[in-house]
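The sequence lines fix the lettering, A, B, ..., with proteins before strands; numbering per chain opens at 1.
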Amino acid sequence: MSLLQVQGLDVFYGESQVLWGLDLEIGAGDLVALVGANGAGKTTLLKTVTGLVRQRAGTLSFDGTPLPAGAEDRVRAGIAMVPEGRRLFAGLSIVENLRLGAYVRKDRAAVERDLERVFSFFPELAEMRSRLAGDLSGGQQQMCAIGRALMSAPRLLLVDEMSLGLAPVVVDRLAGTLREINRAEGLAVLVVEQDVELALEMSDRAYILETGRMVASGPSQALRERADIRAAFLGA
Amino acid sequence: MIRISPRSSLLLALGAAACLAALAAVPWLAGNYWMRILTNVMMYCVVAQGLNVIVGFAGYHAFGNAAFFGIGAYALGVSEVLGLGFLPSIPVAAAVSALIAALVGWPLLRLRGHYFAIATVALTMAVSELVTNIGGITGGAQGLALPLDTSQSPEQVYRQIYFLMFGLAVLSTLVVWHLSGSRLGYALRALKDSERGAMAMGIDTRRAKVAAWAISAALTGAAGAIWAHWMTFIEVSSAFDITLSVKGYIMMLIGGMGTIFGPLLGAAFFEFFSTLIWSRFTEVHNLVLGVLVCVVVLALPFGIWQPLRRLWHDRQGRGA
Amino acid sequence: MTTQAVLSIRDVTVRFGGVTAVKGVSFDVAQNEIVGLIGPNGAGKTTLLNAISHLETIASGSISCFGERVSDWAPHRMAAFGIARTFQVVQPFANLTVRENVRVGAMFARGRHEHARVAAAVDEAIELTGLQAKADLLPHQVTLADRKRLELARALAMQPRLLLLDEVMAGLNHTEIGKVITLIKAIRDKGVTILVVEHVMKAITAICDRIVVLQFGEKIADDRPERVLSDEKVVRAYLGDRYAARQAALAQGDAR
Amino acid sequence: MILQTIINGLLIGGIYGLATIGFSMVWGVMGIINLAHGAYIMLGAYIAYVVSARLGIEPFLVVPLAMALLFVLGYLIQAWMLNRVLKTSLLLSLALTFGINLILVDLMVIGFTSDFQAVTTRYAAAALEWGDAFVPAARLGACLFALVLAWIFHEYLARTRSGQAILAAALDREVSRLMGINPSRVYALTAGAGAALAGAAGVLSSMIFPVSPHMGNSFLGAVFVITVLGGIGSLGGAILAGFVYGLIQSFASAWLGVNYQEVVAFTVFLLILIFRPQGLLGKKYFGEGQ
């Protein structure tokens with residue numbers, strides 16, 4: 001039985017429709033990629049899953065039960081998001097940002113353990129933990145944003161445009177870390193990416209979105225071989 | 001700006017002409033009571049259009065434009081006391097206001113958003129304190145009495161004031177209309193949305209903003225000057241009353257910032273409504289005015305035009 | 001006589017509060033050349049671009065264009081002198097239509113202000129960037145790719161001699177990148193010198209005559225693309241092994 | 001004479017600081033300029049007047065009651081009206097709070113007429129002596145009380161979970177929801193706390209200044225200056241700037257005469273705005289509003 005089930009999703013911005021009848025499924029422990037042109041509606045889909053945007057039609061169920069309406073409650077259900085552009089709390093330090101990630105959790109001891117666990121994934125952040133998030137470089141901010149999302153002990157992690165504006169070497173490292181966390185802890189991850197090559201390389205399954213409609217889905221390896229996808233996205 | 005087809009622009013022109021004619025005939029048709037109300041409405045049209053230049057076009061929220069209303073009033077008062085006649089004193093008052101706006105604007109317009117809004121409120125408080133403390137020619141705390149115009153009957157004086165305010169309202173609308181198509185107008189509307197973008201594209205944003213505030217101050221100062229002559233006795237608390245610039249701000253808001261006729265509609269609507277209140281609930285005027293302000297801000301945050309304009313473009317968008 | 005450099009950066013240093021974003025960077029850009037400026041995030045690329053277009057003041061060193069020292073010029077004077085730029089985060093004038101946005105470029109930058117010249121510059125810029133169909137829409141009604149094209153169109157309408165592009169490709173899909181590459185080449189062919197800040201390697205290799213690589217605010221390479229992209233320092237600092245592996249695979253594929 | 005001027009400046013500075021913290025917080029956290037903040041201070045003073053003058057209770061004991069009542073008022077006004085302004089344009093908060101101020105002031109004029117009231121304490125005349133200067137007990141008590149309240153509020157923000165939630169909502173409203181924070185409730189909480197602090201300042205100042213419906217507006221000028229001088233959203237800045245403002249006013253009136261107090265204060269204010277808008281202790285990234 002899948003962890004996240006999205007069926008027949010229609011979403012509008014004002015009067016213009018952005019998503020048409022989307023279906024999507026993520027099993028516990030899957031690493032799924034969602035790729036597509038800019039403006040295809042990828043971020044809109046993520047915002048609908050997290051509750052920042054309300055859909056006009058369609059159902060979203062998590063662990064078999066319908067998701068609560070407000071974004072504040074969906075993080076309690078176990079959905080965490082790394083927003084596009086990282087959007088850390090610039091005026092607060094790294095450790096304050098990470099603790100805010102665990103805002104909904106009551107178990108103090110577990111939160112402290114998770115804090116050290118995040119610093120083990122991203123050692124660079126450990127020694128500058130009291131630095132203001134706004135003063136960090138792009139790569140450091142991305143690590144802190146991923147850490148902050150992990151602090152809410154999610155069962156599904158959504159990562160929006162991780163590679164945007166980052167040097168390829170940093171992107172490789174972060175992709176590796178995400179893959180590692182997914183395998184080691186069975187944390188389901190949905191990665192939204194512009195860099196189709198990266199997305200298909202790091203994911204088990206993938207969905208391809210084209211102007212708000214799902215045009216292809218399936219195992220990533222198979223999608224990489226399809227001629228039409230190579231031509232449209234991989235420029236081979 | 002909304003694309004107006006030739007046929008509807010003809011209708012617009014005819015409608016405007018009819019309005020102007022009707023308003024010009026008011027002194028003969030309506031009694032003194034209505035003429036006084038309409039003079040007030042015209043005054044607020046000028047204040048609202050003045051704000052429209054700096055807030056609507058440049059996006060700089062000069063919340064405390066009342067400072068220039070007061071400066072214009074006192075400049076006229078002083079020049080009349082010094083013997084210069086009423087009519088020539090009006091351009092003098094406008095010039096003094098514009099000059100002060102330009103001088104103060106050079107440093108102040110470096111501020112953005114809330115900082116600028118607060119600075120203009122502080123400017124109004126500071127200038128009114130200064131006028132009180134200078135005393136002497138400005139009459140200080142006791143206020144300033146203007147020489148009485150004995151050459152005309154009070155009836156003629158009120159009619160003169162009405163036509164002057166009416167003319168100023170038309171002038172201020174023409175200024176805004178010219179501005180919207182002019183090079184300065186484009187510079188202001190560009191820097192409103194992205195000052196860095198405007199600078200990188202060759203706009204001297206500092207000079208454009210100072211020019212906009214000077215125009216705004218000149219219009220507001222002229223209105224203050226005519227108001228002073230109308231009152232014949234002015235004091236700091238009424239000349240530099242922040243409520244005036246807040247009411248002007250709300251009127252511009254209702255009518256639609258950055259449009260040509262919006263502030264006029266906003267002024268007419270708001271002033272008629274609050275005058276009705278004044279006559280009916282004299283003792284709770286401020287209370288009801290406060291409620292009116294809150295209702296307007298919550299109900300019409302973007303004024304009447306904005307939703308229409310977005311709709312117009314969206315309809316056109318789907319068509320393209 | 002060596003051709004006079006369009007842009008010469010001499011030992012430029014830029015500081016933000018305590019942080020030195022750019023340290024002692026020097027390079028030249030010759031007439032009609034396209035130079036790529038790459039480097040890891042936070043390396044100072046955009047800061048340097050802001051310094052050239054004078055939205056950022058430089059702590060030391062000098063910047064000169066067409067032989068004139070422009071280090072302390074006001075930004076709007078740079079535009080009148082023929083230097084145009086686009087922004088990494090697109091900054092359209094939201095309350096102006098696409099055509100009006102482009103008109104601002106034509107009205108305020110180089111050239112006389114009469115109506116005919118302005119109208120011609122606007123039409124040409126909109127034509128070249130393929131925005132004719134969307135000229136009367138507001139920026140919020142067009143796609144991100146169109147808004148990126150609008151940035152380019154506005155800069156073109158300024159009839160620039162030097163064009164600074166700040167990550168114009170970020171967020172575009174493969175086909176859109178291809179179109180923008182051909183557009184940039186067309187602009188260069190009209191005699192415009194271009195400095196490109198970019199992360200999309202496909203675009204950099206396709207259009208650049210030379211590449212300057214920055215890391216932590218310092219220049220670590222400045223050479224022709226093929227030499228720079230195989231430079232050990234650059235691969236470790238910026239490109240990473242995955243890129244190098246893919247290049248190697250491609251190289252084998254077509255090593256006939 | 002200098003010592004007395006300094007003491008007067010510091011004592012009144014403490015009150016000004018407390019009066020400003022709420023205003024600076026609301027601006028820093030939500031980007032809202034609350035022109036009705038002066039009215040909250042005035043209401044606090046009237047609560048002190050009604051309870052102590054009419055029922056004979058010691059003014060200092062009235063502070064908790066005033067804070068509770070003002071908290072509710074601040075919370076409701078934010079939840080019902082100001083939260084909606086956050087969705088449109090923040091500069092509308094100026095116009096909206098101006099309207100609220102008109103309403104509150106006029107209600108008190110109707111209820112208590114415009115004439116001045118006084119709140120006296122048994123030890124009104126008592127004063128400590130320090131060298132040849134007098135330190136009025138009531139003012140000293142008020143100033144110390146103000147510092148204690150300010151410190152408590154500062155710790156609340158820095159240490160507690162809901163305090164951090166307020167700062168997070170200030171920096172990025174949408175992302176704070178992803179953390180599980182409900183911004184509307186957090187903003188109403190902040191506005192309530194701000195109003196409560198204003199109420200406390202009102203009670204304390206009722207022992208020093210005459211109480212009238214229009215007393216709030218004269219406070220507003222001082223609150224503007226101190227907020228920007230201290231750095232928007234910075235509590236420590238507000239307290240420090242409160243003392244600086246108190247001293248400037250005290251010396252200005254001692255040397256230039258009472259009516260130049262305001263002019264000097266506003267000139268200082270405009271200079272700060274131009275040359276150091278981030279103020280003395282302004283925190284980076286705060287106060288820029290979303």
Got a donor-acceptor contact below 3.5 angstrom from the A:Arg205 side chain to the A:Asp30 backbone?
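Not at all, since once roles are kept as given, no pair shorter than 3.5 Å links the two residues.
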
Output the residues of residues 110-119 of chain A for which the shortest heavy-atom distance to chain D is under 4.5 Å, in residue-number order; output 'none' if no such residue exists.
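Heavy-atom contacts from residues 110-119 of chain A to chain D are absent.
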
Give a yes/no verdict on a cation-pi contact between A:Arg148 and A:Phe89, requiring under 6.0 Å between NZ or CZ and the six-membered ring centre and an angle within 45° of the axis.
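Yes.
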
Would you call A:Lys42-A:Glu161 a salt bridge at under 4.0 Å N-O?
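Yes, A:Lys42 and A:Glu161 are salt-bridged.
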
Answer yes when A:Glu124 and A:Arg173 have at least one side-chain N-carboxylate O distance shorter than 4.0 Å, and no when they do not.
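So A:Glu124 pairs with A:Arg173 through a salt bridge.
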
Name the option with the most non-hydrogen atom pairs under 4.5 Å to chain D; the candidates are A:Thr50, A:Val104, A:Leu100.
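Ranked by contacts with chain D, first place is A:Leu100.
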
Between A:Ile79, A:Leu52, A:Asn97, the one whose heavy-atom pairs under 4.5 Å with chain D are most numerous:
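Highest number of heavy-atom pairs under 4.5 Å: A:Leu52.
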
Tabulate below the donor-acceptor pairs under 3.5 Å that side-chain atoms of residues 12-21 of chain D make, not counting sequence neighbours, or state none.
from, atom 1, to, atom 2, distance (Å)
D:Tyr16, OH, D:Gln249, OE1, 3.4
D:Thr20, OG1, D:Tyr16, O, 2.8

Test of understanding: with salt bridge (charged side-chain N to carboxylate O under 4.0 Å, His left out), list the residues that count as partners of A:Asp73, not counting sequence neighbours.
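Partners of A:Asp73 by the salt bridge (charged side-chain N to carboxylate O under 4.0 Å, His left out) criterion, ordered by chain and then number, come out as A:Arg76.
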
With sequence neighbours excluded, what pairs up with A:Glu72 under the salt bridge (charged side-chain N to carboxylate O under 4.0 Å, His left out) test?
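Applying salt bridge (charged side-chain N to carboxylate O under 4.0 Å, His left out) to A:Glu72 gives D:Arg177.
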
For A:Arg74, is it the side chain, the backbone, both, or neither that has a heavy atom closer than 4.5 Å to a heavy atom of chain D?
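Neither part, no heavy atoms under 4.5 Å.
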
